[in-house]
S.K.: 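So that we are looking at the same thing, I have put the structure below in structure tokens.
Sequence lines set the chain letters: A, B, ... in the order given, protein chains first and strands last, and positions in each chain run from 1. Reckoned from all heavy atoms, side chains included, excluding hydrogens, waters and symmetry mates. Because the structure is a prediction, the values reported are computed rather than measured.
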There are 2 protein chains.
Amino acid sequence: MTAHFDPTMVKLTEQKPSQNTKTPEPANLAEILRLAGLRPTRQRLAIAALLLDGRHRHVTADSLTEEIVAAGLYVSSGTVYNTLNQFTHAGLLRRVVIHNEYSLFDTNTDHHHHFYEAENDQLVDIPNDDVVLAQLPNAPAGHEIKAVDVIIHIRHKTAPK
Amino acid sequence: MTAHFDPTMVKLTEQKPSQNTKTPEPANLAEILRLAGLRPTRQRLAIAALLLDGRHRHVTADSLTEEIVAAGLYVSSGTVYNTLNQFTHAGLLRRVVIHNEYSLFDTNTDHHHHFYEAENDQLVDIPNDDVVLAQLPNAPAGHEIKAVDVIIHIRHKTAPK
DNA sequence: ATCCAGTTTAAAATCATTCTAAAGAGCCTT
DNA sequence: AAGGCTCTTTAGAATGATTTTAAACTGGAT
């Protein structure tokens, strides 16, 4: 199902400069990685070539591994995970978590939202009135909205590191 | 075309019309379970007594098991999970998923949100402008907002169940 | 080239959650 | 009260995405 993809063909020429205003336009992928504080290894370059070409899409560690194999390369699954996390930490990717594993069950069935502090794994209720969604999109054709979850990720103001 | 959501009246969920009885009357617990189509077993009654007393709090399967043990009872972990899911399905609890396990990595680092259809595990981008957060709460003291995730859970209009 | 901290690797470990099949319990009908 | 049928519970095994481990490897500064 995955289209064949030659990582050497990937250019950044048409990439939207909409990413990070503080990131200067990098000459190549290796430079992007260096700016992120990551050594441009064969594995990271392969993944960067696949993901940082300006296309907007969603991948899982698994689907990405398939693409890498389809490109005639190989990267161990541990490294795929590490790289994905490193790229995310560097702001090159965004992590979206959907459902699955490790849920909290809230005895408050009224609609409300949450602060989440990752450091201490703390979840705090937000009174419903404190979050006002002025506009929501229509659900895709044939669908209806079942629920809206707003999770506001927070962190300590003073950088702990 | 689907009716647009009412921007002012933020009524987001369409959960089952479950009443939020704040009165922890033990006699009512069995009735609550029956109304939810669940046999009032010893295990379910124990969990209901702990969770459906009107207090608003967050529990995990693990923390709940601890409470059960602390109350001098015993419920197997499989049943704790089953019961939590059944209560959630019945609208007596709400499931909140925070992070962990099974993430998607989004090559779009611009701020945007997502539709998520659980049935087919489909994730669809929502253009940023389609979700308007008119008001956000202040982060708790000493904290700052790192990110805001809005996940709109959708389902097919024709109830497949 | 050399060296070493940073990386990658395969395999094992983690861990919340789900599944399995066998035993047990609710509850409706006699 | 007993029978019986179904729904529930249970212990333990299975699942599956992710992380960790310890050893082998590599990029790049000296």
Side-chain angles (χ1 to χ4, degrees), chain A residues 28-50 58-69 73-90 93 95-106 116 118 121 123, chain B residues 27 29-49 58-69 73-90 92-93 95-106 116 118 121 123:
Chain A
N28 50 43
L29 292 175
E31 194 56 27
I32 292 177
L33 295 181
R34 279 196 203 91
L35 288 172
L38 299 169
R39 266 191 203 165
T41 64
R42 190 202 96 228
Q43 294 85 342
R44 285 175 182 152
L45 286 168
I47 292 175
L50 287 167
H58 305 122
V59 300
T60 62
D62 200 53
S63 76
L64 178 57
T65 299
E66 282 180 28
E67 287 190 47
I68 293 167
V69 170
L73 300 171
Y74 176 73
V75 177
S76 74
S77 77
T79 296
V80 170
Y81 278 104
N82 283 338
T83 304
L84 248 15
N85 287 333
Q86 291 154 353
F87 281 18
T88 298
H89 195 252
L93 295 175
R95 187 174 194 151
V96 183
V97 181
I98 302 309
H99 78 315
N100 256 40
E101 322 281 321
Y102 182 30
S103 337
L104 289 162
F105 292 87
D106 196 330
Y116 179 64
D121 201 39
L123 192 71
Chain B
L29 287 178
E31 194 56 29
I32 290 175
L33 295 181
R34 280 197 202 89
L35 287 172
L38 299 169
R39 273 189 197 165
T41 64
R42 189 203 97 227
Q43 293 85 344
R44 286 176 182 150
L45 286 168
I47 292 175
H58 305 123
V59 300
T60 62
D62 200 52
S63 74
L64 178 56
T65 298
E66 282 180 27
E67 287 190 46
I68 293 168
V69 170
L73 301 171
Y74 176 73
V75 177
S76 74
S77 78
T79 296
V80 170
Y81 279 104
N82 283 338
T83 304
L84 247 15
N85 287 333
Q86 291 154 354
F87 281 19
T88 298
H89 195 253
L92 300 171
L93 295 175
R95 187 173 195 151
V96 183
V97 182
I98 303 308
H99 77 317
N100 257 40
E101 320 281 321
Y102 182 28
S103 336
L104 287 163
F105 292 88
D106 196 328
Y116 179 63
D121 202 37
L123 191 72

S.K.: For A:Val80 and for B:Pro40, find the nucleotide of DNA chain C with the closest heavy atom, then tell me which residue's nucleotide is more 5'.
M.R.: A:Val80

S.K.: Report the nucleotide, chosen from D:dT10, D:dT8, D:dT18, that has the shortest atom-to-atom distance to any side-chain atom of B:Arg39.
M.R.: D:dT8

S.K.: If only atom types and distance count, is the side chain of B:Thr79 paired as donor or acceptor with the main-chain N or O of B:Val75 below 3.5 Å?
M.R.: no

S.K.: Which whole-number value in Å describes the distance from B:Asn82 CG to D:dT10 P?
M.R.: 10 Å

S.K.: What distance do B:Leu73 atom CG and B:Gln43 atom CD have between them, rounded to the nearest 0.5 Å?
M.R.: 9.5 Å

S.K.: Tell me the interatomic distance from A:Arg44, atom CZ, to C:dT9, atom P, rounded to whole angstroms.
M.R.: 11 Å

S.K.: How long is the gap from CZ on A:Phe87 to CD1 on A:Ile47, to the nearest 0.5 Å?
M.R.: 6.0 Å

S.K.: Name the closest nucleotide to the A:Val75 side chain, picking from D:dT26, D:dT18, C:dT9.
M.R.: C:dT9

S.K.: Got a donor-acceptor contact below 3.5 angstrom from the A:Arg44 side chain to the A:Leu38 backbone?
M.R.: no

S.K.: Please give, in whole Å, the distance from D:dG27 P to A:Glu31 CD?
M.R.: 17 Å

S.K.: Distance check needed: C:dG6 P versus A:Leu45 CG, whole Å only.
M.R.: 19 Å

S.K.: Do any N or O atoms from the side chain of B:Thr65 and from the backbone of B:Ala61 form a donor-acceptor pair under 3.5 angstrom?
M.R.: yes

S.K.: Rounded to whole Å, how long is the line connecting atom CG of A:Leu64 with atom P of D:dT18?
M.R.: 12 Å

S.K.: Side chain of B:Asn85: nearest nucleotide among C:dT18, D:dT10, C:dG26?
M.R.: C:dT18

S.K.: So, is B:Thr41 close to the D:dT9 phosphate, meaning a side-chain N or O under 4.0 Å from OP1 or OP2?
M.R.: yes

S.K.: Using only side-chain N and O atoms of B:Gln43, determine if any of them is under 4.0 Å from OP1 or OP2 of C:dA25.
M.R.: no

S.K.: Between B:Tyr74 and B:Leu38, which is nearer to the 5' end of DNA chain D once each is assigned its nearest nucleotide?
M.R.: B:Leu38

S.K.: In whole Å, what is the span from the CD atom of A:Gln86 to the P atom of D:dT18?
M.R.: 15 Å

S.K.: Tell me the interatomic distance from B:Asp62, atom CG, to C:dT14, atom P, rounded to whole angstroms.
M.R.: 16 Å

S.K.: Atom OH of A:Tyr81 to atom C1' of C:dT7: distance rounded to whole Å?
M.R.: 19 Å

